[in-house]
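Input: a single structure, listed below in structure tokens.
Values reported hereafter were calculated over all heavy atoms of this structure, with side chains retained and with hydrogens, waters and symmetry mates removed. Bear in mind that the values here come from a model prediction, so they are computed numbers and not experimental data.
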Amino acid sequence: MSTTASDPLAALGSLPGVPDAVDSVRKAVDRVYGHRVMRRRSNEVTAEAALRGSRGSAALAGADWNLEEVRRRTDFSGEDEARTVGAALRLTAEAGQLLSVWRQSPLRVLARLHLVAAGGATPDDAVGRPRLAGEAVDEPLIETPLPSAGEVAGRLEGLSRLIIAGGSAPALITAAVVHGELLALRPFGSQNGLVARTAERIVLIGSGLDPKSICPAEVGHAEQGRAAYVAALEGYTAGTPEGMAAWITHCGRSVELGVRESTAVCEALQRGAA
């Protein structure tokens with residue numbers, strides 16, 4: 001992430017295609033919040049969005065289970081895929097508990113998310129802290145060059161300052177940058193993708209764009225596919241205006257697809273079919 005503007009996140013809003021993406025996301029979110037089902041059964045929509053978002057995030061991490069399997073299972077120990085799905089579910093549940101902390105101490109929240117995601121699968125001394133020099137990273141989907149531990153520390157601190165300072169950037173831009181920066185840095189030894197997508201969710205909820213957490217961007221990221229996700233991230237890591245714009249619009253499309261998913265849930269509830 002590189003820009004010299006005094007409000008760097010807001011400056012990204014002028015990139016080609018980004019204003020349209022921001023506007024399109026806002027309109028889509030407003031439409032689903034205006035659905036008549038949301039007046040009476042919003043808690044059910046939120047619960048279903050959480051489940052579907054968790055499934056999508058796990059799919060991008062290599063555990064592409066169908067929704068009914070995720071809904072049915074109670075034991076997420078054992079094989080790697082089951083642990084990944086369990087981690088995604090735990091992170092989604094934890095996200096709503098961390099909103100008040102995020103704006104004051106985002107690094108503390110990230111540490112907590114990694115602790116929740118790791119669930120005992122990572123050596124204790126590596127859980128909840130950025131990786132040290134020489135430590136390996138298990139993140140097979142992301143193959144962009146791995147920043148050094150020193151660069152990770154500096155860029156995490158810079159990201160933290162931006163979040164704490166706030167600013168005028170639309171929620172979509174902030175969420176996309178947080179997500180992209182965490183994927184690019186891979187600050188932890190494992191589970192970075194799951195943590196990054198949960199952090200995106202926290203920004204979207206905490207910003208007021210999606211306060212009831214019914215627009216699961218993780219669904220959209222998974223629906224667009226792993227190849228598109230990686231390609232868009234490569235644009236972010238390149239740091240060019242075109243690459244940054246492509247990543248932000250990719251994230252915007254993911255939110256819109258999450259909206260479409262929850263709109264379908266609303267329609268099913270209205271028909272009495274779910």
Side-chain angles (χ1 to χ4, degrees), residues 21 24-25 28-29 32 45-73 76 79-95 113 116-117 138-144 172 175-184 186 190-205 209-210 213-236 246-266 268 274:
S24 183
V25 165
V29 172
V32 72
V45 181
T46 295
E48 190 64 21
L51 186 72
R52 295 178 185 221
S54 299
R55 193 217 73 82
S57 190
L60 285 171
D64 192 3
W65 290 12
N66 66 59
L67 184 62
E68 293 312 311
E69 177 66 8
V70 178
R71 198 189 306 278
R72 181 188 67 80
R73 286 283 288 264
F76 296 98
E79 73 272 21
D80 288 347
E81 287 194 6
R83 289 199 298 269
T84 296
V85 174
L89 290 166
R90 292 193 301 272
L91 284 169
T92 299
E94 188 77 8
L113 292 177
V116 169
D138 179 16
E139 200 68 47
L141 177 62
I142 309 302
E143 297 180 351
T144 55
L172 171 64
V177 168
V178 167
H179 184 172
E181 193 72 352
L182 292 174
L183 278 181
R186 282 148 288 168
S190 63
Q191 313 288 10
N192 290 286
L194 294 175
V195 168
R197 291 184 287 275
T198 305
E200 179 186 47
R201 172 184 285 268
I202 288 172
V203 173
L204 294 172
I205 300 170
L209 177 66
D210 182 22
S213 192
I214 62 167
C215 307
E218 304 97 323
V219 167
H221 288 303
E223 185 170 335
Q224 292 187 83
R226 299 176 81 184
Y229 186 66
V230 171
L233 176 66
E234 288 173 350
Y236 178 89
W247 172 250
I248 294 168
T249 55
H250 178 90
C251 290
R253 180 58 180 158
S254 295
V255 175
E256 291 185 69
L257 290 170
V259 167
R260 187 178 70 179
E261 189 88 352
S262 286
T263 300
V265 171
C266 287

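- Under the rule for a side chain to side chain contact (heavy atoms under 4.5 Å, CB included), the partners of Ala175 that lie at least two apart in sequence or sit in another chain are Glu200, Val203, Leu204.
- For the side-chain hydrogen bond (donor to acceptor under 3.5 Å, both in side chains) test, residues two or more places apart in sequence or in another chain that qualify with Arg260 are Glu223.
- Using a 4.5 Å cut-off on side-chain heavy atoms (C-beta onward), Pro216 and Ser262 make contact.
- A search for side-chain hydrogen bond (donor to acceptor under 3.5 Å, both in side chains) contacts involving Ser213 returns Arg201, not counting sequence neighbours.
- Residues forming a side-chain hydrogen bond (donor to acceptor under 3.5 Å, both in side chains) with Ser57 (at least two apart in sequence, or on another chain): Arg197.
- Taking Glu143 as the reference, nothing meets the side chain to side chain contact (heavy atoms under 4.5 Å, CB included) condition, with sequence neighbours excluded.
- Considering only heavy atoms from C-beta on, Val259 stays 4.5 Å or farther from Asp210 through its side chain.
- Between the CG atom of Leu183 and the CG atom of Leu141 there is a distance of 8.0 Å, given to the nearest 0.5 Å.
- Ile214 has its side chain out of reach of Val265: every pair of non-hydrogen atoms, C-beta onward, lies at least 4.5 Å apart.
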### Task
Give the C-alpha distance, both sets of side-chain angles, the deciding distance and a yes or no for side chain to side chain contact (heavy atoms under 4.5 Å, CB included) between Val32 and Val45.
CA-CA 10 Å; Val32 72; Val45 181; 5.9 Å; no
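- When all heavy atoms of Glu81 and Gly62 are compared, the closest pair comes out as OE2-O, 3.5 Å.
- Ring orientation note: the planes of His179 and Tyr229 are tilted relative to one another, at an angle of 30° to 60°.
- Contacts of Ser54 classified as side-chain hydrogen bond (donor to acceptor under 3.5 Å, both in side chains), with partners at least two apart in sequence or in another chain: Thr92.
- Sorted by first and then second residue, the salt bridge (charged side-chain N to carboxylate O under 4.0 Å, His left out) pairs with a member in residues 49-63 read Glu48-Arg52, Arg52-Glu261, Arg55-Asp64; sequence neighbours excluded.
- Going from atom CG of Leu257 over to atom OG1 of Thr263 covers 11.0 Å, rounded to the nearest 0.5 Å.
- Residues passing the side chain to side chain contact (heavy atoms under 4.5 Å, CB included) test with Arg73, sequence neighbours excluded: Trp65, Glu69, Phe76, Glu79, Ala82.
- The CG atom of Asn66 lies 10.0 Å from the CZ atom of Arg71; values are rounded to the nearest 0.5 Å.
- For the pair Thr249 and Ala21, the tightest heavy-atom approach, listed with the atom from each and the gap, is CG2-CB, 3.8 Å.
- Applying the side chain to side chain contact (heavy atoms under 4.5 Å, CB included) test to Ala176 and every residue at least two apart in sequence or in another chain returns Trp247, Ile248, Cys251.
- Exactly one residue among Asn192, Asp138, Thr144 makes a side chain to side chain donor-acceptor pair (under 3.5 Å) with Arg186. That residue is Thr144.
- The closest donor-acceptor contact from the side chain of Thr84 to the backbone of Ala63 lies at 3.5 Å or more, if one exists at all.
- Residues passing the salt bridge (Lys or Arg N to Asp or Glu O under 4.0 Å) test with Glu139: none are found, sequence neighbours excluded.
- Residues that satisfy the salt bridge (Lys or Arg N to Asp or Glu O under 4.0 Å) test with Asp80, not counting sequence neighbours, are Arg83.
- The two residues Ser254 and Ala217 have their closest heavy-atom pair at CB-O, 3.5 Å.
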